[in-house]
Novice: 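Sharing a structure below in structure tokens format, with a few things to ask.
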Amino acid sequence: MAKRTRHIKLGLFLIVDGSHEAAWRHPDATSARGMAFKRYVDVVTTADRNFFDFVFLADTLGITSDNLPMISRNARSECYDPIVLLSALAPFTQAVGLVATASTSYNDPYQVARRFASLDHLSDGRAGWNVVTSANRFEALNLSSDDLPPHEARYRRAREFVSVVKGLWDSWDDHAFVRDKESGLYFEPSKMHVLDHRGEFFSVRGPLNIPRSPQGHPVIVQAGSSEDGQDLAAATADVVFTAQDNLADARDFYAKLKARLQRYDRGEEDLIIMPGIFPVVGRTQGEAEDRFESLQSLLHPDVGIPFISRLGGLDLSGLALDDMLPSVIDATNSSKSRQKLFVATARRDSLTIRQMFMRFAGARGHLQVVGTAATIADCIEEWVSTRAADGFNVMPPLLPSSMNDFKDLVIPELQRRGLLSSAIRTGTLREKLGLRHPPDMSHVYASDRPDELPLHSRIEP
Ligand SMILES: Cc1cc2nc3c(=O)[nH]c(=O)nc-3n(C[C@H](O)[C@H](O)[C@H](O)COP(=O)(O)O)c2cc1C
């Protein structure tokens, strides 16, 4: 097979204690509270200076279970609104991209378009939006609803949602705001475009009350890997996050998703595929294994069943920790791709629920590598060179120590192998990722009637 070598993209999946479920209990974890702003500043400034293209904040609209034994042992019951947090962090950083999650099921496009355009302006072009459809019914309960809409309807809404957001980001041509004191003209009327959208889910007139942002369109990330999720990505996204735990499946996912781009007249370079990697780094193999074990030993058995049930979208009622999964699994209305991965792994390796918990409590179904910097770099190199990934979303098990191990040990190894540049990439997030800058609408709409409000009804197929 032809191998390819090129610079990889690197994101940092920022969960304040680290990605391992028990990270907050570790002796090296800080005792500062989860909301302590300085903890976030320390991590993002390290990412900023150490070759990460972006930091990424996940989000759910609430506490995603009512299982008290689990949630009372979990650190994720206190977390910031991601856009607010990244806006506060932006001035502490200069280069790193800032990617926040926002749900298309529980927002309106106008608000999301405005928030991300704002973040893009105030960070000089470093904003990214992780488009999610929300997969947990407790979010619905916080947003005046009894349950999630059906999976397929969530994705249909997401498609229209993203299209409207992009249309709103095109409300103004570059340099529309002339602020000409002499003539008294604040903006150039022919450079304004009123979306005037009416669709199945949304009715949005526009324009956005914020000028076109430095990236034109902030970077769009998509993180659902079901058929519908892949279709949304192929049609609309610049970057895909995905959970893949083995090379064969990751290569298959990569090939199919890249091929799907043709349906939307897009090329392979238009979409960057970034699986997650959960790296447990040691100076020796033994040290890495000891580090992993020190986290695993802190997992509480009470968390096992609700953790697997919630993340895997699995009904485990009536089962005990040492049971196997039932032979028949009901289709989930939550995350279809994660359920598929959990069930396939459990069946393949004959895992009990307890063993599934031990397997997924750190990496959550993403690639897990426990070893030296060379072992981790080997794995990254293999995935990138055999077309399983264009880069990785790094999930440090424990923050800040695992991130420091990654920067001190793995990053120099990646640079030595020519997989990572030795200069920090600068510019907008699009430029850092090698993505196209979307042109403004001046070439599409040329008004010859300057006194009329320019209504441009438009919806992408
Ligand atoms: C790296 C990664 C990050 C994700 N972050 C979020 C998140 O912040 N909020 C959320 O609701 N879903 C998140 N998801 C879940 C997906 O966006 C998606 O909603 C879910 O997997 C259901 O998609 P599917 O049925 O298409 O597989 C994430 C998934 C991945 C792989």
Side-chain angles (χ1 to χ4, degrees), residues 5-20 22-32 36 38-57 89 92-99 274-296 298 362-363 366-384 389 391-426 432:
T5 306
R6 59 181 187 185
H7 288 165
I8 60 170
K9 321 288 190 248
L10 276 188
L12 177 78
F13 193 151
L14 201 181
I15 298 176
V16 68
D17 290 292
S19 287
H20 193 279
W24 69 273
R25 298 184 63 196
H26 194 274
D28 292 346
T30 167
S31 53
K38 182 171 183 315
R39 297 178 64 184
Y40 288 94
V41 173
D42 290 347
V43 174
V44 296
T45 50
T46 305
D48 194 42
R49 292 189 210 115
N50 288 284
F51 309 97
F52 284 91
D53 294 303
F54 58 81
V55 293
F56 158 61
L57 287 180
L89 288 167
F92 291 88
T93 56
Q94 276 157 12
V96 79
L98 304 166
V99 179
M274 299 180 73
I277 183 170
F278 177 87
V280 188
V281 192
R283 284 185 169 73
T284 62
Q285 182 66 29
E287 187 181 55
E289 283 166 15
D290 288 348
R291 285 181 174 170
F292 184 51
E293 188 42 43
S294 71
L295 284 161
Q296 292 287 90
L298 297 170
H366 294 268
L367 171 65
Q368 175 172 299
V369 196
V370 182
T372 61
T375 312
I376 290 163
D378 282 348
C379 189
I380 290 177
E381 188 165 13
E382 185 176 27
W383 279 48
V384 173
F392 284 90
N393 206 6
V394 179
M395 307 165 67
L398 178 63
L399 282 172
S401 64
S402 312
M403 171 159 177
N404 291 332
D405 294 336
F406 193 88
K407 94 173 158 57
D408 293 339
L409 301 172
V410 182
I411 284 188
E413 181 64 26
L414 294 172
Q415 287 169 328
R416 205 179 56 70
R417 296 175 186 214
L419 289 166
L420 206 57
S421 149
S422 50
I424 292 180
R425 284 191 277 255
T426 53
K432 283 157 71 71

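In this text the structure is predicted, and so the values were computed from the model without any measurement.
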Novice: Describe, in one word, how the ring planes of His20 and Phe278 are oriented to each other, choosing from parallel (under 30°), tilted (30 to 60°) and perpendicular (over 60°).
Specialist: tilted
Novice: Find the distance between NE2 (His7) and OG (Ser422) and round it off to the nearest 0.5 Å.
Specialist: 7.5 Å
Novice: Hey, what do you get for CG (Asp42) to CG (Leu399), rounding to the nearest 0.5 Å?
Specialist: 10.5 Å
Novice: Is the closest side-chain heavy-atom distance between Ile8 and Leu420 below 4.5 Å?
Specialist: yes
Novice: What closest approach, in Å, do Glu381 and Leu419 show between heavy atoms, and which atom pair accounts for it?
Specialist: CB-CD1, 3.8 Å
Novice: Could you go step by step and tell me if Leu10 and Ile411 meet the side chain to side chain contact (heavy atoms under 4.5 Å, CB included) rule?
Specialist: CA-CA 10 Å; Leu10 276 188; Ile411 284 188; 4.3 Å; yes
Novice: Tell me whether Glu289 at atom CD has more than 12 heavy atoms from other residues, nucleotides or ligands lying less than 6.0 Å away.
Specialist: yes
Novice: Between Val394 and Pro279, what is the shortest heavy-atom contact and its length?
Specialist: CG1-CG, 3.9 Å
Novice: Give the minimum heavy-atom separation between Ala288 and Gly282, together with the two atoms involved.
Specialist: CB-N, 3.6 Å
Novice: Would a 4.5 Å heavy-atom cut-off, applied to side chains only, mark Val55 and Thr93 as touching?
Specialist: no
Novice: I need the Asp290 CG to Thr284 OG1 distance, nearest 0.5 Å.
Specialist: 7.5 Å
Novice: So, are Asp408 and Arg283 salt-bridged, with charged N and O less than 4.0 Å apart?
Specialist: no
Novice: Measure the CG-CD1 distance between Leu414 and Ile380 for me, rounded to the nearest 0.5 Å.
Specialist: 5.0 Å
Novice: Is any side-chain heavy atom of Pro396 less than 4.5 Å from a side-chain heavy atom of Leu12?
Specialist: yes
Novice: Apply side chain to side chain contact (heavy atoms under 4.5 Å, CB included) to residues Phe54 and Met274 and explain how you reach the verdict.
Specialist: CA-CA 12 Å; Phe54 58 81; Met274 299 180 73; 3.6 Å; yes
Novice: How close do Arg39 and Val16 get, counting heavy atoms only, and between which atoms?
Specialist: NH2-O, 3.4 Å
Novice: Answer yes or no: is there a side-chain heavy-atom contact under 4.5 Å between Leu398 and Arg291?
Specialist: no
Novice: Please name all residues satisfying side chain to side chain donor-acceptor pair (under 3.5 Å) with Asn393, sequence neighbours left out, ordered by chain then number.
Specialist: none
Novice: State the CZ-CE distance between Phe406 and Met395, to the nearest 0.5 angstrom.
Specialist: 12.5 Å
Novice: State, yes or no, whether a side-chain contact exists between Cys379 and Leu367 at a heavy-atom distance under 4.5 Å.
Specialist: yes
Novice: Indicate yes or no for a side-chain donor-acceptor contact from Asp53 to the backbone of Gly11 under 3.5 Å, with no hydrogens or angles considered.
Specialist: no
Novice: Side chain to side chain contact (heavy atoms under 4.5 Å, CB included) for Glu413 and Asp378? Distances and angles first, verdict last.
Specialist: CA-CA 10 Å; Glu413 181 64 26; Asp378 282 348; over 6 Å; no
Novice: How far does CG of Leu409 sit from OG1 of Thr372, to the nearest 0.5 angstrom?
Specialist: 9.0 Å
Novice: Please name the pair of heavy atoms, one in Leu295 and one in Ala22, separated by the smallest distance, quoted to 0.1 Å.
Specialist: O-CB, 3.9 Å
Novice: So do the side chains of Thr45 and Arg49 get within less than 4.5 Å of each other, counting heavy atoms only?
Specialist: yes
Novice: If every non-hydrogen atom of Lys432 is compared with every non-hydrogen atom of Ala95, which pair is closest and at what distance?
Specialist: CE-O, 3.1 Å
Novice: Do the side chains of Met403 and Phe52 get nearer than 4.5 Å, heavy atoms only?
Specialist: yes
Novice: Check whether any side-chain heavy atom of Phe392 lies under 4.5 Å from a side-chain heavy atom of Val384, and answer yes or no.
Specialist: yes
Novice: Salt bridge check, Asp17 against Arg25: does any charged N sit closer than 4.0 Å to a carboxylate O?
Specialist: no
